[in-house]
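All values derive from a computational prediction rather than experimental measurement. Just so you know, ligand 1 is whichever comes first in the structure, and atom 1 is the first atom listed for that ligand.
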Amino acid sequence: MLQDKFGRVIDYLRIAVTDRCNFKCEYCMPAEGIKYDSQTNLLNYEEIIRLVKLLSKEGINKIRITGGEPFLRKDLMVLLRALSEINLIDKIAITTNGTLTSQYIDELLELGIKSINLSIDSLDKSRFNKITRTNQFENVWNCFEKLLKKDFDLKINCVILDGQNIDDIIPMIKLGEKYNISVRFIEEMPFNGSGTYHNVLKWDYNNIIGHIKNNLKNIVALNNEPGSTSINFRVHGYIGRFGIIPAYTRSFCGSCNRLRLTPNGVIKTCLYDEGIFNVRDLIRAGASEAQLLTAISEAIHNKAENGFEAERGRLSNKQIIESMAIIGG
Ligand code: SAM
Ligand code: SF4
């Protein structure tokens, strides 16, 4: 079992399979994009599968595939097929911007992959295109409708941005009147690839829920699943749900069950740390399973108590300058 010194059991691995993206969302990277790592520095599929097999024997039973845009990684379905054949992995979920996903829907279902988090920051085409710096709204909406038709367990991720998509909050929740989905409003985090984060987050959990309660009646609090980062609600009578993820105010760290693997093999035990060590280097230096496990277990044992401690512990880059595209969310 993978457990930290505070007794938290780690059973969920998030794998960012690429740093490449076909979007340049304002909150994730600058307009000019980010510098991508070389292909040879990325973990190859053999290395990823080896790590997942090893960690599954230690209790990891859920994986999320993310990025960058995961469907930009060449032959992603080959990796997903191999991961879906690992017996001890109960659930594989994917976070995607939805631009390239539609073509793989049937294959995903065949592999038993039914959990998709689709990022949609606005229901308004021009706002969506401005935030993502693309013209892909229709394409993404098309994907949303296709996933719904095929009965995926669908969540919408929406980062709340002051002055940009506040008017989307209520219409997003109202999607739940008709659709059995969960919309999750995410506090904006500093991982925008440029180190230019505003110091004060206006739209934190309290302001988001305040805005919702001022505009909608009959909001019912739901039980949150163990390890869930979202605080969840339903409007009475709706089939869908909504939640708020306090990703910046970090009130969920006490029940954190996550480990992160970046595209180039950095192990992160907290979203806010700057990376604990590079497991790719160990693998390529010929490490045995026991040596890999010792290194990962030690990193987990020393996991920061919460995201604030992890942020304070950053050594080389005190200020966060990374893009979320290299972390995976
Ligand atoms: N490209 C895929 C996508 O956008 O869904 C997967 C990778 S993306 C980094 C994963 C999630 O992180 C997305 O839902 C995105 O909205 C969220 N995200 C990215 N940058 C963020 C930031 N600065 N603050 C909060 N969430 C962020
Ligand atoms: Fe790409 Fe996702 Fe980052 Fe947007 S949030 S730029 S889609 S990685």
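Sequence neighbours left out, not one pair with a member in residues 284-319 passes ring-ring contact (aromatic ring centres under 6.0 Å, His included).
For Tyr197 and Phe191, the ring centers sit 6.0 Å or farther from each other.
When only modelled atom types and interatomic distance are considered, Asn139 and Gln136 share a side-chain donor-acceptor pair under 3.5 Å.
Among protein heavy atoms, atom 3 (Fe) of ligand 2 sits closest to Cys28 SG, 2.4 Å.
Below 30°, between 30° and 60°, or above 60°: for Phe242 and Phe185 the angle between ring planes is between 30° and 60°, a tilted geometry.
Taking a 4.0 Å cut-off on heavy atoms, Gly68 registers as neighbouring ligand 2.
Arg250 forms a cation-pi arrangement with Tyr272, by the criterion of a distance under 6.0 Å to the ring centre and an angle within 45° of the ring axis.
The neighbour count for Asn87 CG, taken as heavy atoms of other residues, nucleotides or ligands under 6.0 Å away, does not exceed 12.
Val9 places a side-chain heavy atom less than 4.5 Å from the side chain of Met1.
Summarising the geometry, atom NZ belonging to Lys130 is positioned 11.0 Å from atom OG belonging to Ser122; distances are rounded to the nearest 0.5 Å.
The immediate protein surroundings of ligand 1, defined as residues with any heavy atom under 4.0 Å of it, consist of Tyr27, Cys28, Thr66, Gly67, Gly68, Glu69, Thr95, Thr96, Asn97, Ser119, Asn157, Val159, Ile186, Glu187, Glu188, Met189, Phe191, Met324, Gly328, Gly329.
Residue contacts with ligand 2, taken as heavy atom pairs separated by less than 4.0 Å, involve Cys25 via backbone and side-chain atoms alike.
Which parts of ligand 2 touch Asn97 is read off a 4.0 Å heavy-atom cut-off, strictly below it: atoms 7 (S). In the vicinity of Cys21, heavy-atom distances shorter than 4.0 Å reach the ligand 2 atoms 1 (Fe), 6 (S), 7 (S), 8 (S).
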